[in-house]
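These notes are about the structure you will find just below.
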Amino acid sequence: MKKAVKFALLALMLLSLAVAAVGCGGKEAPKEPAKETGKQDVAKTKLVVGADATFAPFEFTDPATGKYTGFDVELIQAICEEAGYELDFRSMGFDGLIAALQTNQIDAVISGMTITEDRKKIVNFSEPYYKSGLVVAVQEKNNQIKNFDELQGKKIAVQSGTTGALHAEKATSKDKITYFTSSDQAMLELKNGAVDAVVMDYPVTAYFIQQGNKDVKMVGEILSAEEYGIAVPKEKTETLEKINTALKTLKENGKYGEIYKKWFGEEPK
Ligand code: ARG
């Protein structure tokens with residue numbers, strides 16, 4: 001009798017264990033969720049996108065996660081999702097981005113890149129996605145430089161290949177300009193007092209100061225209205241079309257506005 005009870009208990013225990021195991025298995029995420037919908041079985045086309053990820057809040061490495069993040073990063077993710085691309089995001093020096101496009105190392109650039117007439121001769125741009133401009137940054141304690149016109153003869157740090165560099169070249173002689181691969185380095189040079197000023201995109205400079213660099217300030221007006229666009233090689237007209245269509249959809253369905261608000265705290269301009 002006792003033995004029978006023991007056996008029954010054991011059998012019950014085993015049964016409940018088995019049920020638990022099956023239950024657990026059922027809760028596990030299916031390994032291939034794509035198969036369930038039968039929709040995403042087809043491999044997505046890869047879109048290799050280049051950026052210089054030293055340009056917060058547009059593209060930079062999140063110090064907490066070590067991952068690329070920023071307005072451009074989230075926008076291109078959304079565009080790829082919308083257009084059915086698999087995103088392959090790569091960071092490289094800003095002054096090498098256009099050459100990388102021309103040699104087909106990358107399919108597109110989203111890098112706070114200003115749409116300019118010169119660039120338009122060699123690459124195509126999407127519809128504009130951000131209104132920007134340049135600004136002069138100096139040390140907080142500097143009372144000499146109050147605007148762009150007072151840069152003559154002053155030492156300026158810039159990021160190579162940028163519109164900021166072009167403007168600095170108009171303001172002072174080339175031998176007074178120090179060119180950096182990353183925008184962070186240009187800002188550091190200013191903080192260290194090795195240069196008198198930096199000419200850089202307004203939203204990036206404002207973000208830098210806001211992130212706790214109160215020893216830096218912006219002076220004068222925001223220079224020249226600029227617009228950012230996504231650049232693609234001249235011959236990739238289909239890619240450009242897909243990007244533009246996705247961008248338009250995201251602007252209409254509110255997703256673009258959502259990402260914009262997240263990064264800039266206001267509605268798109
Ligand atoms: N808007 C400027 C330009 O097009 C600077 C862009 C720099 N972007 C970057 N990710 N570092 O020249």
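The figures here come from the full heavy-atom set of this structure, side chains too, leaving out hydrogens, waters and symmetry mates. Counting starts at 1 for both ligands and their atoms, following the listed order.
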Please confirm whether Q159 comes within less than 3.5 Å of ligand 1 when only nitrogen or oxygen atoms on both sides are compared. yes
Distance-only N or O hit between ligand 1 and T163, under 3.5 Å: yes
Short side-chain to backbone donor-acceptor contact, S126 and I230, under 3.5 Å: yes
Checking heavy atoms under 4.0 Å, the part of D52 that sits near ligand 1 is both
Note: E59, heavy atoms under 4.0 Å from ligand 1, region reported as side chain
Are any of the N or O atoms of G112 closer than 3.5 Å to those of ligand 1? yes
Quick one: do K248 and E252 make a salt bridge, cutoff under 4.0 Å? yes
Quick one: does S111 get an N or O within less than 3.5 Å of an N or O on ligand 1? yes
Taking only non-hydrogen atoms of R119, do any sit less than 4.0 angstrom from ligand 1? yes
F58 to ligand 1, any heavy atom closer than 4.0 Å: no
Joining Ile, Leu, Val, Met, Phe, Trp and Tyr whenever any side-chain heavy atoms lie under 4.5 Å apart, the cluster holding V158 also takes in L134, V136, V138, I145, F148, L151, I156, I177, Y179, V199, V219, L223
Heavy-atom count around K191 NZ within 6.0 Å, excluding the residue itself: above 12? yes
Would you find more than 12 non-hydrogen atoms of other residues, nucleotides or ligands less than 6.0 Å from K255 atom NZ? no
Ignoring hydrogens and geometry, is there a side-chain-to-backbone donor-acceptor pair from K234 to K120 under 3.5 Å? yes
